[in-house]
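Quantities reported herein were computed from a predicted structural model and do not represent experimental measurements.
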Amino acid sequence: MHLVLFFRRPPYRGRRMILYIRLRHCARLFCETPVMFLLYGIFLSVVTCFCWGSTSFLMRGIRKLDAAEMSLTRACGGLLCGALLLFAKNAQLTPVTRFEVFIFLALVICNNILGDVFLFFSIRLLGVARGSAISSTYPICVAIVSYLIYDAPLTPAIAGGTLSVVAGVALLCRKGKEERPLSFWGLASAAAASVFWAAGLLLNKELLVCGLNPATIVLGRGVAFFGAASAVWFFHAFFVKKKARPWRAFLRRDSALGVTAGACSLGLGAWFYSLALQYVPPTVATPIGASNPVLASLFSTLVYKDKIEPAQWAGIVFAVGGSVLVAL
């Protein structure tokens with residue numbers, strides 16, 4: 001992909017046209033240098049960080065939707081955005097077997113339904129800063145499972161990252177002077193979100209081992225998430241709550257926040273992360289994308305006026321930094 005502006009017809013003639021051609025050639029050579037590729041990959045990683053960080057920030061504003069309704073709105077946003085992006089890129093899809101369909105269903109149940117629902121509860125009970133930071137410690141769970149099951153080596157980076165995460169969570173659990181009491185169920189929800197997200201990463205890795213390309217995984221996750229979320233919402237609305245007109249909940253303002261959160265995290269976030277990996281290695285893109293709890297906490301302080309103590313800011317840095325260290 002050339003990051004160069006060009007014209008169909010040179011606007012000048014004679015010496016000016018020669019100068020224009022030379023400048024255009026120099027600009028193309030400069031944009032194709034490794035430095036520009038690195039800068040462009042870093043830019044895409046920062047955009048990914050904003051997309052992922054906006055999810056916790058938007059979910060903080062959802063008050064009148066239950067967990068099933070929130071999951072369905074996010075599924076609609078993610079599927080719509082992912083389908084539009086795939087259609088615009090005209091990507092080729094890989095055939096999917098029955099076993100891979102089962103993996104897709106398990107992936108969205110762990111990652112997009114249970115994991116995100118527990119994140120939703122942790123943000124309500126702990127706030128954006130604590131909930132998103134503790135939930136983002138899932139690389140620790142992946143490292144432990146990989147060590148126990150896949151015989152992955154336990155490197156000094158993993159050990160140091162684990163200690164950093166423990167220190168960060170301890171600082172986040174400190175109660176400030178003007179804060180609400182620390183909720184045990186909020187901590188349990190954040191820990192559960194981390195565990196289920198870790199399971200989702202392992203299942204996503206299994207899909208890559210099966211030979212599916214990223215485009216197929218993005219669309220498959222969107223379709224599976226929409227189907228699973230629709231089934232959960234239908235059962236919850238008509239058999240558990242027994243609402244007369246349950247679709248009225250989707251006419252509220254909170255539904256727009258849920259659709260936007262799904263489009264940002266499941267659609268744009270996954271897409272920009274895939275683009276970033278074309279220009280920079282995962283060791284560069286993953287740490288930048290994983291720093292999204294810092295942005296989510298900053299947005300919450302500016303918009304929702306959440307109070308975050310200096311010790312908790314340090315906890316966020318330790319928790320995110322430890323997760324990034326393990327992911328390297």
Is [Y] reachable from [X] through a run of hydrophobic residues whose side-chain heavy atoms are each under 4.5 Å from the next?
X: Leu107; Y: Val101; result: yes
X: Leu80; Y: Leu72; result: no
X: Val259; Y: Trp52; result: no
X: Val232; Y: Met70; result: no

* Structure fact -> Residue set satisfying ring pair (Phe, Tyr, Trp, His ring centres under 6.0 Å) with Phe226, at least two apart, ordered chain then number -> none
* **ring pair (Phe, Tyr, Trp, His ring centres under 6.0 Å) involving Phe99 - partner list, sequence neighbours excluded** => none
Separation between [atom1] of [X] and [atom2] of [Y], rounded to the nearest 0.5 Å:
X: Leu268; Y: Ser54; atom1: CG; atom2: OG; answer: 8.5 Å
X: Arg253; Y: Lys64; atom1: CZ; atom2: NZ; answer: 9.0 Å
X: Leu105; Y: Arg221; atom1: CG; atom2: CZ; answer: 12.5 Å
X: Asn111; Y: Leu203; atom1: CG; atom2: CG; answer: 8.5 Å
X: Cys76; Y: Phe250; atom1: SG; atom2: CZ; answer: 7.0 Å

Closest heavy-atom pair and its distance - [X], [Y]:
X: Gly186; Y: Leu125; value: N-CD1, 3.5 Å
X: Cys51; Y: Cys264; value: CB-O, 3.3 Å
X: Ile103; Y: Cys210; value: CD1-SG, 4.5 Å
X: Gly78; Y: Leu266; value: CA-CB, 3.8 Å
X: Leu79; Y: Gly222; value: CD1-C, 3.7 Å
X: Gly269; Y: Thr48; value: O-CG2, 3.6 Å

With a 4.5 Å limit on heavy-atom distance, are the side chains of [X] and [Y] in contact?
X: Phe104; Y: Phe225; value: no
X: Phe196; Y: Asp116; value: no
X: Leu119; Y: Ser122; value: yes

* **With sequence neighbours excluded, residues passing side-chain hydrogen bond (donor to acceptor under 3.5 Å, both in side chains) with Ser189** => none
* **Ring geometry between Phe238 and Trp233 (parallel below 30°, tilted from 30 to 60°, perpendicular above 60°)** => perpendicular
* According to the salt bridge (Lys or Arg N to Asp or Glu O under 4.0 Å) rule, which pairs have a member within residues 259-270, sequence neighbours left out? -> none
* Structure fact -> For residues 46-56, the salt bridge (Lys or Arg N to Asp or Glu O under 4.0 Å) pairs (sequence neighbours left out) are none
* To do: Using a strict cut-off of less than 4.0 Å between a Lys/Arg side-chain nitrogen and an Asp/Glu carboxylate oxygen, indicate whether Asp254 and Arg63 qualify as a salt bridge.
  => no
* Structure fact -> Residues at least two apart in sequence or cross-chain that pass side-chain contact (heavy atoms from CB on, under 4.5 Å) with Val195, listed by chain then number, are Cys141
* **side-chain contact (heavy atoms from CB on, under 4.5 Å) between Ser265 and Arg74, worked out** => CA-CA 9 Å; Ser265 61; Arg74 292 186 66 248; 3.1 Å; yes
